[in-house]
Amino acid sequence: MGQKINLLQGHVAELIAAGEVVERPSSIVKELIENAIDAGANAITVEIGEGGIRLIRITDNGGGIGREDVPTAFLRHATSKIACEEDLSHIGTLGFRGEALAAIAAVCRVELLTRTPDSQLGTRYCIEGGVGGECEDAGCPQGTTIIARDIFYNTPARMKFLKKNVTEGNAVESVVQKTALSHPQISFRFIRDGVDKLHTPGTGRLKDAVRELFGRSVADNLIEVSHEVPPYRVSGYISKPQYAKSNRTLQHFYVNGRFVKTKTGMAALEQGYKNVLMAGKFPACFLFIEMPSELVDVNVHPAKIEVRFAAENDVFRAVYTAAKSAILNFSDQTAALSPAQAKAAAEQPLPLEKGTGGWRPAAPSTGGSAVRGTGELHSPTAAPRTPDGRYGIGVSGAAADLLRRSATLRAEAQRERSESTAERSVPKAVSQQPSRPSGVFSAGAERRPGPAPHQAATRPRPPPPPPPRLPTVVRAYLGKR
Ligand code: ADP
Ligand code: MG
């Protein structure tokens, strides 16, 4: 005889569904920040206590929620962002599933304060374990504050899987950083156990946000990327070739404004640095890939961290050519340094590395010597650490090193170009580039002023070599690492 089949009770089903969305405090913070962004806020404050396990409070100055909609917002599949099936292929907001508030309210004690611009009086609403109270009047500023307390208070089995407060708090901080980077026009403030941890200026300039979040050392060692392979556009920053990190923690990819993990993007970026970085060293990036929404499926991961591309090859090609051409342009500009400038640059102190995660020169250089046992590179005039000690560098790297690398790059580009001519089957998007005005070569106006132009550097550069074919590269690459 078969087992009896039970239809689960509503609240059990809610708890199961909540498990998909809410894994830990940082998942709650991610969802609530996304809601604040979707609500049009330009200032968002995230406050946590005890790693977010005890308390999460997110305040925004967005459009708020009308009182009549408040209880509905906490029901599963309740959303103001899409209305029908067709909308699923044109998602322009960060949220769309109508699940987050329901999931959070199923596993936390939640309090909401909200006021819309057309209302004098705000609303307070409490919901615990999925059971809501009455809407009450409340005096509050325009926008929304959501407080989520005691995550998993009603599911002790899940509570056990939470890590230490400090680990959970770090995960929250990372979410705030990633989101702040994708929205430099929004001022983000993060308070951890009463201490102000970060406050982005909200100027709309990505570099200002990078500087605030990772320090000058990182912000001053970036190359701008601005590249189009219609219908794709890739923009943002990648690290200068002479800088590298021993892990990928500074690699940030965004697809249509959404932070994502993308192996394709990662492989394409690192392929762009081929021959300029030592094995085991990784570039940093803050790269924004934009494409028509029908070319990307964001509905494939419970936390929307992964996406599926309709044309993986094209995305690879766009990121690769964007990174490669930015590196080539940069090496041209550096090669244009006068001998005196090159000497001065070469005499600058070397970047230092903090612990294993920091930056270090990608290859031995003339400007400093390794100090055994510390894992850091030493220079008598080394720049001091930033006050919080996160990244102990504050200077640009040695140009001599770069000049050597730029020669390697040019030789490699030359070789790849001649190989690709012989190969004949040049990918369409890449082969079209030279004739398209919006391609790599029109990006000059967007470039920041570099060193005194060298004659050779002012000549228009031939297109970057076409990327290797995706499947081979990704397979080889991912197999290796
Ligand atoms: P989704 O974001 O997928 O629509 P949520 O469960 O996160 O689903 O939110 C449900 C609805 O509640 C949203 O569609 C939105 O209308 C409203 N909402 C949630 N948070 C906010 C906020 N901070 N400001 C304004 N409206 C919000
Ligand atoms: Mg949402």
Side-chain angles (χ1 to χ4, degrees), residues 13-15 17-23 25-47 56-85 87-108 110-119 122-127 130 132 135 138 140-148 151 175-176 178-179 182-183 186-189 256-259 293 297-305 307:
E14 292 288 341
L15 284 175
E20 292 262 290
V21 180
V22 180
E23 191 196 337
S26 61
S27 2
I28 296 184
V29 170
K30 176 177 183 289
E31 293 294 338
L32 296 182
I33 293 182
E34 289 186 354
N35 280 346
I37 294 171
D38 285 343
N42 62 18
I44 299 173
T45 300
V46 178
E47 196 177 343
I56 294 170
R57 180 189 291 128
I58 304 212
T59 302
D60 69 58
N61 63 352
I65 309 175
R67 181 172 298 190
E68 63 291 355
D69 282 334
V70 166
T72 314
F74 287 89
L75 299 178
R76 278 190 79 198
H77 312 304
T79 179
S80 56
K81 301 168 193 176
I82 58 170
C84 59
E85 189 182 330
D87 293 344
L88 273 177
S89 54
H90 302 282
I91 291 163
T93 46
L94 293 168
F96 58 90
R97 291 188 186 140
E99 278 183 332
L101 290 188
I104 296 165
V107 295
C108 295
V110 174
E111 180 182 345
L112 168 94
L113 286 160
T114 189
R115 184 166 75 77
T116 55
D118 53 2
S119 162
T123 301
R124 179 170 178 270
Y125 180 76
C126 293
I127 175 166
C135 286
C140 55
Q142 188 208 307
T144 302
T145 295
I146 297 195
I147 305 162
I151 182 174
V175 163
V176 180
K178 283 167 181 152
T179 329
S182 61
H183 294 82
I186 299 176
S187 172
F188 282 86
R189 187 168 171 207
N256 292 350
R258 188 190 297 278
F259 175 80
S293 51
D297 187 355
V298 292
N299 198 13
V300 294
H301 186 273
K304 298 168 283 183
I305 291 278
V307 292

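In listed order, ligands and their atoms are each counted from 1.
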Fill in the blank from the handout: Note: ligand 1 atoms sitting under 4.0 Å from heavy atoms of Gly95 are 2 (O), 3 (O)

Fill in the blank from the handout: among protein heavy atoms, the one nearest atom 2 (O) of ligand 1 is Lys81 NZ, 2.7 Å

Exercise for the section: Mind checking side chain to side chain donor-acceptor pair (under 3.5 Å) for Ser80 and listing every partner two or more places apart, or none if nothing turns up? Expected result: none

Completion exercise
Of Ile65, Thr79, Ile104, the one whose closest heavy atom lies nearest atom 26 (N) of ligand 1 is Ile65

Fill in the blank from the handout: Separation between OG1 (Thr114) and CD1 (Ile146), nearest 0.5 Å, reads 8.0 Å

Problem - Sub-4.5 Å side-chain heavy-atom contact between Asn256 and Val298 - result: no

Problem - Min N/O separation Ala39 to ligand 1 under 3.5 Å - result: no

Problem - Closest contact, heavy atoms only, Glu14 versus Ala102 - result: OE1-CB, 4.4 Å

Problem - Shortest non-hydrogen contact between Cys108 and Ile28, atoms and distance - result: SG-CD1, 3.6 Å

Handout entry: Min N/O separation Ile146 to ligand 1 under 3.5 Å
Key = no

Problem - Heavy-atom closest pair, residues Thr116 and Gln142 - result: C-CG, 4.1 Å

Completion exercise
Closest heavy-atom pair, Thr179 versus Val175, reported as atoms and distance to 0.1 Å, is OG1-O, 2.5 Å

Exercise for the section: Output yes when the distance from some N or O of ligand 1 to some N or O of Leu101 is under 3.5 Å, and no in every other case. Expected result: yes

Problem - the Mg ion (ligand 2) to nearest N/O/S of Asn35 below 2.8 Å - result: yes

Practice task
Ignoring angles and geometry beyond distance, decide whether Asp38 reaches within less than 3.5 Å of ligand 1 through its nitrogen or oxygen atoms.
Solution key: no

Practice task
Output the list of atoms in ligand 1 that are nearer than 4.0 Å to some heavy atom of Arg97, sorted by atom number.
Solution key: 3 (O)

Exercise for the section: Mark up the atoms of ligand 1 that fall under 4.0 Å of a heavy atom belonging to Glu99, in ascending order. Expected result: 6 (O), 8 (O)

Practice task
Can you measure from CZ (Arg76) to CZ (Arg97) and round to the nearest 0.5 angstrom?
Solution key: 10.5 Å

Fill in the blank from the handout: of all protein heavy atoms, closest to atom 8 (O) of ligand 1 is Gly98 CA, 3.2 Å

Problem - Inter-residue atom distance Leu101.CG - Leu112.CG, 0.5 Å rounding - result: 8.0 Å

Fill in the blank from the handout: the protein heavy atom lying closest to atom 19 (C) of ligand 1 turns out to be Asn35 ND2, 3.5 Å

Handout entry: Short side-chain to backbone donor-acceptor contact, Arg258 and Thr93, under 3.5 Å
Key = yes

Fill in the blank from the handout: Within the 4.0 Å heavy-atom cut-off, what Phe96 brings close to ligand 1 is backbone

Problem - Exercise: identify the closest heavy-atom pair between Leu94 and Gly257 - result: CD2-O, 4.1 Å

Exercise for the section: Check whether any N or O atom of Ala100, backbone or side chain, sits under 3.5 Å from an N or O atom of ligand 1, and answer yes or no. Expected result: yes

Fill in the blank from the handout: When distances are taken from atom 12 (O) of ligand 1, the protein heavy atom at minimum range is Ala73 CB, 3.5 Å

Completion exercise
atom 15 (C) of ligand 1: of Ser80, Ala41, Gly40, Ala78, the nearest heavy atom sits on Ser80

Problem - Gly62 to ligand 1, any heavy atom closer than 4.0 Å - result: no

Practice task
Please write down residue, atom name and distance for the protein heavy atom closest to atom 23 (N) of ligand 1.
Solution key: Asp60 OD2, 2.9 Å

